[in-house]
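Every chain is numbered from 1 and lettered A, B, ... according to where its sequence line falls, protein lines coming before strand lines.
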Amino acid sequence: MADNEPAPPPGNAGGSLNFIHQIIEEHNKTGRFAGRVCTRFPPEPNGYLHIGHAKSICLNFGTARRYGGRCNLRFDDTNPEKEEQEYVDSIMEDVRWVLSGTLPAGRTDPWDGLYYASDYFDQLYEWAIVLIKKGKAFICDQTPDQVRETRGTPNKPGTNSPFRDRSVEENLKLFEGMKNGEFPDGSRTLRAKIDMAHANINLRDPVLYRIMRATHHRTGDKWCIYAMYDYAHGQSDSIEKITHSICTLEFEHHRPLYDWFINELGIYHPQQIEFSRLNLTYTVMSKRKLLLLVKDKHVRGWDDPRMPTISGLRRRGYTPEAIRAFCERIGVSKYEGTIEMAWLEDALRDDLNKKAQRRMAVLRPLKVVIENYPESQTEELDAVNNPEDPSAGSRKVPFGRELYIERTDFMEDPPKGYFRLSPGKEVRLRWAYFLKCNGVIKDAAGNVTELRCTYDPATKGGNAPDGRKVKGTIHWVSAAHAVPAEVRLYDHLCKVPFPEDVPEGQDFLVNLNPNSLEVVTAMVEPSLHFSPLPPGEGSGVRVGDKFQFERLGYFSVDKDSTPGKLVFNRAVTLADTWAKMEKKGNRQ
RNA sequence: UGGGGUAUAGUGUAACGGUAGCACAACUGACUCUGGAUCAGUUUGUCUAGGUUCGAAUCCUAGUACCCCAGCCA
């Protein structure tokens, strides 16, 4: 994909071509486009991009890159009622981010051309006149209801509009009147004159232009008629000399209509190729549904880390490399399946395991007092920053008489196979000493509030000179030095793998996971403190910095952080064999 | 009694008439100062029924299942 990025590991895509690349290579062989490859990514600026768009971005930009071609970013902004500049801005930011690190030196934008369908409004209007003059389009005065009623159904042909046989002169005059604002919104349309009995409903005299007085984010109030997507899209591709117009499956039966326009107009003919859109378990992926989640405040915004949006994934802690690896792994086909969320999560773990420095953080603290450790003593111990990357070096972590450990790392009455701390048992404190539990202090309700332990001074660094082994190693932070931090623990947005599968009359909202966000106050090691300074200035962590909290998962510094308060998002947990064993035990 | 698509392990994706492979998941085991990572191994598959062929996931015929289409949305 990129010059400075290693080739993807031999996954399912390794070595073999996806069906789109096969088609392109066939075209290159036969000279259909003279060896030229030009693709485009054509979002409508009516919402934020999601992981499904990332698949399309990787496909379109990756294909262009692969064949030495070009890829445009084009905003299909033909419906001013739904489109906003905010969305344009977010889309550009997200495309840049997904592709960041893959660009040749000196380039900031991944697109070879930045276009808007609104750039072509004048040309589209001229072409409409051409169609009218050819007798291939007419002004229709039917109401929306009448249009619907006369369109027929999949099983029943439609009937001709009574306005279908207006003269060319009258059509021309009325169309100009439409453009000049002489008629009210919705009172007339320009329609193609094709075949009201066509088996493909898209060819039953589709609407080309509607009257709509809405301020367009780019053309302002210049127009009060707007082309329909179907009329604009194919010609936009044609204008840009797109060779391979890659889109999702639902546009397959629009292709004959696009071809009809191109042929009637006698203009350059791109090749449209359809692939199946991405579906993921435990989430929803349509802009309509995501908009609903935002508008009705089921989540905290488009970039809520539970959202499958690119901005949500970014905030959660995903890296562009992980997103790209995921898109590479899932492949491209026309089969409409659903990818398991575990694939996405695995891609992130795979990336961050190599890159993220390790830190110790205790999510649900349980106090430990080491009775044989001197009262006022503290010391600094060496901790390796990343065992996968020696160049990451090491750091000092403070140790003292009082510590916090994870509540789940202690059990008073442990089951077989539990090798963390329990009365009389010994564990290793990561990078520190062996620790043995001698007593348990409880509150009136019987909850464990504190552990009384002893340590073995001879095991400093984590190894026993007598060669004795411990099975468990647990993480900890020194109570005297610990820094409280807000940690947001995320779970799947939806509580079932296929949230759209609901009984009649219900919608996916019933399947939202009520426990998708849990907020805890964790204790983290003091090397983690927030810096508001730009990267490179002073010490501390910045928004977006990622760490592995040992044994817990990967965490990213959230933008809500302030110098007085760190906020982390849990991007993904670590694989947890013990949790799996427990789950299996419970099932029996 | 419409049209357009798609069917290969649990999930995706290869194989383009010649040993059904890979990844994720699951399960074993090894190793480990993260029950992480890593390594080794195991289980599970060509929608069905016929046909052509020495040989079929692939070609033919007939079925079956699922998806999309009746916006002046994209």
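Remark: R551(A) is not in phosphate contact with A37(B), judged by side-chain N or O atoms under 4.0 Å from OP1 or OP2.
The nucleotide U8(B) finds no pairing partner, because no Watson-Crick or G-U wobble arrangement with both distances shorter than 3.5 Å includes it. If you check G55(B) for Watson-Crick or wobble pairing at under 3.5 angstrom, you find it has no partner at all. Remark: G21(B) base-pairs with U13(B). Criterion, Watson-Crick or G-U wobble with two distances under 3.5 Å. Under the Watson-Crick or G-U wobble criterion, with both distances below 3.5 Å, C39(B) is paired with G29(B). Summarising the base pairing, A62(B) is matched to U48(B) through a Watson-Crick or G-U wobble pair whose two defining distances lie under 3.5 Å. Pairing of G71(B), defined by two Watson-Crick or G-U wobble distances under 3.5 Å, is not identified with any nucleotide.
Contacts of T78(A) with the nucleic acid, taken as non-hydrogen atoms under 4.0 Å apart, involve only primed sugar atoms and P, OP1 or OP2. The residue E340(A) sits close to a base: some heavy atom pair falls under 4.0 Å. Across all strands shown, Y418(A) has heavy atoms under 4.0 Å from base atoms, whether or not it also approaches the sugar-phosphate. Here R430(A) lies in heavy-atom contact (under 4.0 Å) with a base. Heavy atoms of H254(A) sit under 4.0 angstrom from at least one base atom. Looking at heavy-atom distances under 4.0 Å, T338(A) makes contact with sugar-phosphate atoms alone, never a base. As judged by a 4.0 angstrom heavy-atom cut-off over every strand, G186(A) is placed among the base-contacting residues. Heavy atoms of N155(A) sit under 4.0 angstrom from at least one base atom. Within the nucleic acid shown, G417(A) comes within 4.0 Å of at least one base atom, counting heavy atoms only. The residue T189(A) sits close to a base: some heavy atom pair falls under 4.0 Å. At the heavy-atom level, E550(A) lies under 4.0 Å from base atoms of the strands shown. Within 4.0 Å (heavy atoms only), Y226(A) reaches no atom of the nucleic acid at all. P387(A) comes within contact range of at least one nucleobase, with a heavy-atom separation under 4.0 Å. Within 4.0 Å (heavy atoms only), F251(A) reaches at least one base atom of the nucleic acid.
When the C1' atom is used for both G21(B) and A15(B), the distance is 7 Å, rounded to whole Å. With P as the reference atom, A57(B) and G50(B) are 15 Å apart, rounded to whole Å. Of the C1' atoms belonging to U42(B) and G5(B), the separation is 38 Å, rounded to the nearest Å. Taking the C1' atoms as reference points, C27(B) lies 7 Å from U43(B), given to the whole Å. On the P atoms, U13(B) is 34 Å away from U53(B), given to the nearest whole Å. U6(B) sits 15 Å from U46(B) when the C1' atoms are compared, rounded to a whole Å. Using P as the reference atom, G36(B) and C24(B) are 16 Å apart when rounded to the nearest Å. For the C1' atom pair drawn from C47(B) and G55(B), the interatomic distance equals 23 Å after rounding to whole Å.
No side-chain donor-acceptor contact under 3.5 Å links T189(A) to the backbone of R191(A).
The six-membered or imidazole ring of F261(A) lies near that of Y231(A), with a centre-to-centre distance under 6.0 Å. A centroid separation of 6.0 Å or more is found between the aromatic rings of F419(A) and W578(A).
Spacing between atom CG of N200(A) and atom P of A70(B) amounts to 11 Å, rounded to whole angstrom units. Between D185(A) atom CG and C73(B) atom C1' there is a gap of 16 Å when expressed in whole angstrom units. If you take CD of E252(A) and P of C69(B), they are 13 Å apart, rounded to a whole angstrom. The CD atom of E81(A) sits 13 Å away from the C1' atom of A74(B) (whole-angstrom rounding).
Below the 3.5 angstrom threshold, one finds a donor paired with an acceptor across the side chain of R420(A) and the base of G35(B). Not a single donor-acceptor pair, N or O on each side, falls under 3.5 Å between the base of C67(B) and the side chain of E250(A). For U38(B), its base never sits under 3.5 Å from the side chain of E388(A) at any donor and acceptor pair. Checked by distance alone, R358(A) brings a side-chain donor or acceptor within 3.5 Å of a matching partner on the base of U34(B). For G12(B), the base has no donor-acceptor partner in the side chain of E336(A) [N/O atoms by modelled type, under 3.5 angstrom].
Among the nucleotides C73(B), U34(B), G5(B), the one closest to the side chain of M228(A) is C73(B).
For the side chain to side chain contact (heavy atoms under 4.5 Å, CB included) with Y116(A), the qualifying choice from T78(A), D76(A), V88(A) is V88(A), the only one to do so. Results of the side chain to side chain contact (heavy atoms under 4.5 Å, CB included) test with M523(A) over L403(A), V477(A), L363(A) single out V477(A) as the only residue that passes.
When each of R428(A) and V332(A) is assigned the nucleotide of RNA chain B bearing its nearest heavy atom, the one mapping closer to the 5' terminus is V332(A). Looking at which nucleotide of RNA chain B each of D346(A) and D230(A) is closest to, the 5′-most match is held by D346(A).
Using a 30° and 60° split on the angle between ring planes, F549(A) and F555(A) fall in the parallel class, below 30°.
Shown here for Y229(A) and F251(A), the closest heavy-atom pair between the two residues is CE2-CE2, 3.5 Å.
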Walk me through whether Y318(A) and E345(A) qualify under side-chain hydrogen bond (donor to acceptor under 3.5 Å, both in side chains).
CA-CA 9 Å; Y318(A) 271 79; E345(A) 296 170 343; 5.4 Å; no

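In G21(B) the O4'-C1'-N dihedral to the base is more than 90° from 0, which defines an anti nucleotide.
Counting only N and O atoms by type, the side chains of D145(A) and T143(A) include no donor and acceptor under 3.5 Å apart.
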